[in-house]
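Okay, structure first, notes after.
Note that this is a predicted model, so its numbers are computed, not measured.
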Amino acid sequence: MPSDTHKGHGFRKELISMLLDLRPRFLRFPGGCFVEGEWLINAFRWKEIIGPWEQRPGHFGDVWHYWTDDGLGYYEFLQLAEDLDATPIWVVNIGISHHDKINISDIAPLVEVSFQCPRSLYG
């Protein structure tokens, strides 16, 4: 990570400058295939990107075949939205992937704030 960043938030100053020039009204995070994954076992889990970056487990992005440390989490996303004066749009996985899904009655652990979502729910 660069040592000299915008407001110390970890984003390069020139990147933030370009984003500010665009004047986005909203930011969506994360998006599309990154949230779903090819299989639910590798799907994005929002509760695992809360807290210090060093303590986040990361996950395998099976759509693009790479490991992500989830260094950009909701905290960083909310800081960025605030810095850009943009409305944050939160995205969570609700139990679907490109190849499998869970029963709609089982999605509560995926979206409830007070519940830790066990990986065993996904197989």
Can you check side chain to side chain contact (heavy atoms under 4.5 Å, CB included) on N93 and R45, steps first, answer last?
CA-CA 7 Å; N93 185 295; R45 287 167 182 69; over 6 Å; no
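- Looking at H98 and V63, their side chains come closer than 4.5 Å, going by heavy atoms from C-beta outward.
- With a 4.5 Å cut-off on side-chain heavy atoms, V92 and I94 count as touching.
- The side-chain heavy atoms of W53 and D69, taken from C-beta on, include a pair separated by under 4.5 Å.
- For the pair S97 and G37, the tightest heavy-atom approach, listed with the atom from each and the gap, is CB-O, 3.4 Å.
- In this structure, F34 and F44 have tilted ring planes: the angle between them lies in the 30° to 60° band.
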For the pair F11 and L80, evaluate side chain to side chain contact (heavy atoms under 4.5 Å, CB included) and give the outcome as yes or no after the intermediate values.
CA-CA 8 Å; F11 292 98; L80 178 60; 3.9 Å; yes
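- The CD atom of E36 sits 11.0 Å away from atom CG of D62, with the distance rounded to the nearest 0.5 Å.
- More than 12 heavy atoms of other shown residues, nucleotides or ligands fall within 6.0 angstrom of atom CD1 in I50.
- Following chains of ILVMFWY side-chain contacts shorter than 4.5 Å, one cannot reach W67 starting from L40, and the two form parts of different hydrophobic clusters.
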May I have the step-by-step check of side chain to side chain contact (heavy atoms under 4.5 Å, CB included) for I89 and F29, ending in yes or no?
CA-CA 6 Å; I89 298 177; F29 176 80; over 6 Å; no
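- The backbone N or O of G73 sits less than 3.5 Å from a side-chain atom of E76, completing a donor-acceptor pair.
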Distance-only donor-acceptor hits, side chain of residues 13-28, under 3.5 Å, sequence neighbours excluded:
unit_1: K13; atom_1: NZ; unit_2: D4; atom_2: OD1; d: 3.0
unit_1: K13; atom_1: NZ; unit_2: D4; atom_2: OD2; d: 3.4
unit_1: E14; atom_1: OE2; unit_2: R12; atom_2: NE; d: 2.6
unit_1: E14; atom_1: OE2; unit_2: R12; atom_2: NH2; d: 3.2

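- Counting all heavy atoms, side chain and backbone alike, V35 lies closest to P30 at CG2-CG, 3.5 Å.
- Note on L84 and Y74: same hydrophobic cluster, where clusters join Ile, Leu, Val, Met, Phe, Trp and Tyr whose side-chain heavy atoms are under 4.5 Å apart, directly or indirectly.
- E48 and H59 are not linked by any side-chain donor-acceptor pair at a separation below 3.5 angstrom, with hydrogens and angles left out of the test.
- Here the side chain of D70 pairs no donor or acceptor atom with the backbone of I49 at under 3.5 angstrom.
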